[in-house]
Amino acid sequence: MSKKKKKEKMLTDKGFQLFYGNLSTRRQLIRNIWVEVIGIVIFALAWMQGVMNQNILLLLLVIFTCSQAYQIGRNWLTWKEEKEKLEKQRRAQEKQEKVNHQKEQKDNL
């Protein structure tokens with residue numbers, strides 16, 4: 001079995017998973033969205049409390065937001081591709097089942 005197939009089998013789409021790399025693309029996307037929201041809240045609280053220099057805080061916020069936006073965009077595109085691939089496979093399987101069913105009906109006649 002190839003490494004890619006092994007990895008696809010091991011990915012978690014439900015339940016708890018400690019490591020980010022073991023999550024399915026959909027779960028990675030959801031996790032990244034949550035991290036973005038929580039991060040912005042933390043930055044907002046730090047801004048209001050005056051924890052550090054506002055220029056440094058703003059720079060960190062921009063870097064954080066850009067990196068998260070990249071991750072979210074990449075995961076969303078990958079998830080969409082996987083979703084379309086699965087949909088094509090499902091349609092092909094349904095078509096094959098329909099052809100097999102028609103063959104069976106002809107053979108019974």
Side-chain angles (χ1 to χ4, degrees):
M1 190 180 302
S2 71
K3 285 184 180 181
K4 189 173 184 178
K5 286 185 179 181
K6 276 186 180 179
K7 185 170 180 163
E8 286 176 3
K9 281 190 168 189
M10 294 181 354
L11 297 179
T12 303
D13 197 42
K14 292 183 180 178
F16 177 76
Q17 183 56 249
L18 185 61
F19 300 106
Y20 176 80
N22 292 342
L23 293 173
S24 68
T25 307
R26 185 182 74 86
R27 288 279 303 275
Q28 287 179 359
L29 176 64
I30 292 168
R31 180 213 169 261
N32 284 335
I33 292 170
W34 274 107
V35 167
E36 177 69 18
V37 170
I38 292 169
I40 289 174
V41 168
I42 290 171
F43 277 108
L45 291 173
W47 183 280
M48 287 187 278
Q49 296 293 324
V51 174
M52 63 173 55
N53 183 336
Q54 289 184 349
N55 291 335
I56 294 173
L57 194 62
L58 186 60
L59 177 65
L60 291 174
L61 176 63
V62 168
I63 292 170
F64 172 76
T65 302
C66 289
S67 67
Q68 282 299 108
Y70 171 76
Q71 280 283 63
I72 289 170
R74 189 181 65 127
N75 284 338
W76 184 77
L77 290 173
T78 305
W79 175 59
K80 284 301 220 183
E81 287 173 5
E82 288 176 2
K83 193 174 173 184
E84 288 172 7
K85 183 179 174 183
L86 288 173
E87 185 64 26
K88 281 183 181 178
Q89 288 175 349
R90 186 188 61 78
R91 277 189 255 127
Q93 184 179 7
E94 286 177 353
K95 187 176 181 180
Q96 185 62 38
E97 288 174 358
K98 188 175 181 181
V99 168
N100 290 344
H101 183 69
Q102 289 174 350
K103 277 185 180 179
E104 287 175 8
Q105 285 181 343
K106 282 184 180 180
D107 289 343
N108 288 340
L109 293 177

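Note that the coordinates shown come from a computational prediction; the quantities given were computed from them, not determined experimentally.
- Legend: ring pair (Phe, Tyr, Trp, His ring centres under 6.0 Å) pairs involving residues 22-52, not counting sequence neighbours, sorted by first then second residue: F43-F64.
- Hydrophobic clustering (ILVMFWY, side-chain heavy atoms < 4.5 Å, transitive): I72 and V35 are in distinct clusters.
- Interatomic distance, CG of N22 versus CZ of R27, reported as 11.0 Å (0.5 Å rounding).
- For the side-chain hydrogen bond (donor to acceptor under 3.5 Å, both in side chains) test, no residue two or more places apart in sequence or in another chain qualifies with E81.
- Atom CD of Q89 is surrounded by more than 12 heavy atoms from other residues, nucleotides or ligands within 6.0 Å.
- Residues E36 and N32 form no side-chain contact, since every pair of their non-hydrogen atoms from C-beta on lies 4.5 Å or further apart.
- Residues in residues 60-75 take part in these side chain to side chain donor-acceptor pair (under 3.5 Å) pairs, two or more places apart or across chains: Y20-N75, Q71-R74.
- L58 and L60 fall within the same hydrophobic cluster, defined by Ile, Leu, Val, Met, Phe, Trp and Tyr side-chain heavy atoms under 4.5 Å apart, directly or through other members.
- Classification of E94 and R91 as a salt-bridged pair fails, no side-chain N sitting under 4.0 Å from a carboxylate O.
- In this structure, I30 is not a member of the same hydrophobic cluster as W79, with clusters built from ILVMFWY side-chain heavy atoms closer than 4.5 Å.
- Side-chain contact, H101 with E97: no donor N or O sits under 3.5 Å from an acceptor N or O.
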Practice item. Evaluate the side chain to side chain contact (heavy atoms under 4.5 Å, CB included) criterion for residues L57 and L61: first the C-alpha distance (whole Å), next the side-chain angles of each, then the deciding distance (0.1 Å), finally the verdict. Key: CA-CA 6 Å; L57 194 62; L61 176 63; 5.9 Å; no

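- Residues R90 and E87 have side chains in contact (heavy-atom distance under 4.5 Å, counting atoms from C-beta outward).
- In plain terms, the two heavy atoms of Q28 and L23 that are nearest each other are NE2-O, 3.4 Å.
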